[in-house]
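Just below is one structure, and these are the notes that go with it.
Here is the naming used below: chain letters follow the sequence lines, and residue numbers restart at 1 for every chain. Being a predicted model, the structure only gives us computed values, none of them experimental.
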Protein chains: 2
Amino acid sequence: MPVTIRDVARQARVSVSTVSRAISAPDLVRADTRERVLEVVRGLGYQPNPAARSLITGRTGNLGIVVPDLGNPFFPSILLGVQARAREAGNSVFFCDSGQDGVTEEELIRTMARQVDGVVVCASELDDGRLAELASLTTMVLVNRALPGLPSVMMDSASGMAAVVGHLAALGHRRCAYLGGPGRSWSTQARRRGLREAAARTGLSVLELGPFEPTFRGGAQGVEQALAAGVTAVVAYNDLMALGVLNRLQQLDVAVPERISVTGFDDILYAAMCGRPLTTVTMPAEEAGRAAVELLLDQLDNGATAAVPKLKELPTSLVIRATTAAPAGPTIS
Amino acid sequence: MPVTIRDVARQARVSVSTVSRAISAPDLVRADTRERVLEVVRGLGYQPNPAARSLITGRTGNLGIVVPDLGNPFFPSILLGVQARAREAGNSVFFCDSGQDGVTEEELIRTMARQVDGVVVCASELDDGRLAELASLTTMVLVNRALPGLPSVMMDSASGMAAVVGHLAALGHRRCAYLGGPGRSWSTQARRRGLREAAARTGLSVLELGPFEPTFRGGAQGVEQALAAGVTAVVAYNDLMALGVLNRLQQLDVAVPERISVTGFDDILYAAMCGRPLTTVTMPAEEAGRAAVELLLDQLDNGATAAVPKLKELPTSLVIRATTAAPAGPTIS
DNA sequence: TTGAAAGCGCTAACAG
DNA sequence: CTGTTAGCGCTTTCAA
């Protein structure tokens, strides 16, 4: 049987209210009383029951986070940032993986809503309406997804993709293929937008393929089509796909970057580790996690103070490694 | 203001207890009454307050899990298994990353202890005494770590490592280097034990190096020593390290597997994705996660029924891919 | 500065 | 089968 506030009160010869104050509002208690109480607290190893506390304060001290795919190392990085910032603020974190499925995602958010003070939703699959509805259940911050009325943290994918295209164009490429990610998501659209704008600006012609699963397999699947189209570069929606592309290309004995250049997106750890380090776009995932919690705490503390919900945009940047080069001359093509 | 059980009771014209029963013990309520109540529940969107419920039942419906490093894809896999099984059983899961630090680990477990019904601790860094102490705070199941008196799930690392050694010996290797992981952990010891036994049995001589950080960097760091010793194979503590080895070897222009064979352990996704698919040992991570929750729930439901805490051992298996081959003949050496 | 008392929303005896 | 009652452990007025 765990020790309760009464045990402490009795042993310290004070009332329970004094114990309560000594813990959560120390300056309301005279120094020596407080000392005595805290002494007993330590001695007994007393820890307030969070359920009881939450029942009355309405706060749980917990934060939730939903990600679409823990298997994509990009998301563990966000989690790490979330956990770090949450702990600094004395919160614990609940996590869930929605498996990139909207129905599961909604279910998870509903379940969490009652148990946490607020929730961070990453790369939501949900449509605006449903998301707005869920947002009314709890305090919510979005990552890589915008919705009017909700604070969000965005990584500037459009610019990142533009940088990729610029890089390829500068290298002398004229035709490349884009292996697109899943249809609906904000990330998909932002990346495509950056791609198109930069393509138009630089005169690089882009063949858009897909959508594909944003995985190793998905990337491998897109390779034949790209090859058939005779492009000199393949731009993948994300690193996992790019790794798939690289792998398939190697199987087909197509030299990278000599015959074909390949780029990824996210800069997961493995992008730099694989046989041929991948040219990709760095996303400040951990920082985004921290920023999301920051926004959440802000909203929790200040309530509706901020008339306009905050949008935090984080910069991305191109990392040129070993999978991009000038295209082979026309003799080879 | 969220809707409470009283709102439901009032609108359904029953007492709160009937509502409570209709929800958590439906067969104690007459069918038509139950129908009426659940109707109102749905209409109002009522969801019981978990804090209040937990206050009285003593159960939170939450499970916790502590892993040493979310950045190692092996652990997200375990998490996935944990979440899957937990959800089936109607539980949510709290996660924490200890950053491979014992002090943090203890702190996290203590924090969780009050908020969850039980906790899964993976690859604990803690010594037996401290771990036992923490186990007294909550229901605990260990993964890849044993402690008398606690249920645990183990992946049979020793056999896996023995298979690696056997494979290398069969290929004709006589001398190999082992790049060991961090000093204390159970995994480290189990793998080393398997290594030594099999080495003795097969006559393969093993040079034990390290300990190293169980990361990409750690692996890369061990390469020069191994090379200097003139071995024909490098056995890494885990895949991350093996990937580091591969990378460094490539920088040094040492052909794999022609000049030197390399093996990993864990079979993380990237092991199969990298330029040269890695020979490694598959660990049933997700299954281990599920099994751990199983044991946890078991213990939660049956209390001390099981006199002897359960140990569940999961098999591992060698996956031969492209980084191992027969050693080069003496002419090359 | 401290204590007494009133619940937070729910479940679990215990009656009826 | 259903209602009444008594708290779970804590915070928070309100008085002293």
Side-chain angles (χ1 to χ4, degrees), chain A residues 1-41 44-62 90 111 113-117 137-138, chain B residues 1-41 44-62 90 92 111 113-117 137-138 300:
Chain A
M1 211 49 190
V3 17
T4 79
I5 200 174
R6 301 174 110 82
D7 300 323
V8 178
R10 196 172 313 120
Q11 187 160 336
R13 316 193 142 281
V14 293
S15 71
V16 292
S17 3
T18 300
V19 176
S20 175
R21 286 188 200 103
I23 289 172
S24 30
D27 12 310
L28 294 185
V29 180
R30 206 174 55 210
D32 60 334
T33 318
R34 188 196 326 146
E35 241 359 282
R36 181 156 40 97
V37 172
L38 294 180
E39 196 77 4
V40 178
V41 165
L44 260 36
Y46 168 72
Q47 279 193 283
N49 177 324
R53 181 179 266 182
S54 138
L55 188 52
I56 186 155
T57 60
R59 282 263 213 148
T60 62
N62 299 329
T111 309
R114 302 296 315 239
Q115 316 224 34
V116 300
D117 299 332
L137 262 37
T138 180
Chain B
M1 212 49 186
V3 18
T4 80
I5 200 174
R6 302 173 110 83
D7 300 323
V8 178
R10 197 172 314 122
Q11 188 161 337
R13 318 194 140 280
V14 293
S15 72
V16 292
S17 8
T18 301
V19 176
S20 177
R21 285 187 203 104
I23 290 172
S24 28
D27 12 310
L28 295 186
V29 180
R30 204 176 53 212
D32 61 333
T33 317
R34 185 194 332 141
E35 239 0 280
R36 181 155 43 96
V37 171
L38 294 181
E39 195 78 4
V40 177
V41 165
L44 260 36
Y46 169 72
Q47 280 193 280
N49 179 323
R53 179 178 271 181
S54 138
L55 188 53
I56 186 153
T57 60
R59 282 265 211 146
T60 63
N62 300 327
S92 299
T111 309
R114 302 296 314 240
Q115 316 225 33
V116 300
D117 299 332
L137 262 36
T138 180
L300 254 18

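- At the heavy-atom level, A:Ser54 lies nowhere under 4.0 Å from the strands shown.
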Please list every donor-acceptor pair under 3.5 Å in which a side-chain atom of residues 2-11 of chain A meets a protein atom from a residue at least two apart or in another chain.
from, atom 1, to, atom 2, distance (Å)
A:Thr4, OG1, A:Arg6, N, 3.1
A:Asp7, OD2, A:Thr4, N, 2.8

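- A heavy-atom distance below 4.0 Å to DNA chain D is reached by these residues of residues 12-31 of chain B, ordered by number: B:Val14, B:Ser15, B:Ser17, B:Thr18, B:Arg21, B:Leu28, B:Val29, B:Arg30.
- Distance from the side chain of B:Thr57 is smallest to C:dT11 among C:dT11, D:dT12, C:dC10.
- Here the closest heavy-atom approach between residue B:Gln115 and residue B:Thr111 is recorded as CG-O, 3.5 Å.
- Residues A:Val29 and A:Val37 are not in side-chain contact: their nearest non-hydrogen atoms beyond the backbone lie 4.5 Å or more apart.
- Once rounded to the nearest 0.5 Å, the distance linking CG of B:Leu55 with CG of B:Asn49 reads 9.5 Å.
- Between the CZ atom of B:Arg34 and the P atom of D:dG3 there is a distance of 15 Å, rounded to whole Å.
- Checking B:Leu55 against B:Arg36, the closest nucleotide of DNA chain D that is more toward the 5' end is the one next to B:Arg36.
- Summarising the geometry, the separation between CD1 on A:Ile5 and P on C:dA4 is reported as 14 Å, rounded to the nearest angstrom.
- One can place CZ of A:Arg6 at 7 Å from P of D:dC8, the figure rounded to the nearest angstrom.
- Atom pair B:Asn49:CG and D:dC8:P shows a separation of 18 Å (rounding to whole Å applied).
- What separates CD of A:Glu35 from C1' of C:dT2 is a distance of 17 Å, to the nearest Å.
- Across all non-hydrogen atoms, the minimal contact from A:Arg114 to B:Gln47 is NH1-O, 2.7 Å.
- Annotation for A:Ala113 and A:Leu137: closest pair CB-CB, 4.1 Å, computed over non-hydrogen atoms.
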List the atom pairs, donor and acceptor, that lie under 3.5 Å between side-chain atoms in residues 17-28 of chain B and the rest of the protein, sequence neighbours left out.
from, atom 1, to, atom 2, distance (Å)
B:Ser17, OG, B:Ser15, OG, 3.1
B:Thr18, OG1, B:Ser15, OG, 3.3
B:Ser24, OG, B:Ser20, O, 2.9

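- Between A:Ile56 atom CD1 and D:dC8 atom P the separation is 15 Å, expressed in whole Å.
- As rounded to whole Å, 10 Å separates atom P of D:dG9 from atom OH of A:Tyr46.
- Atom CZ in A:Arg114 sits roughly 7 Å away from atom P in C:dC10 (whole-Å rounding).
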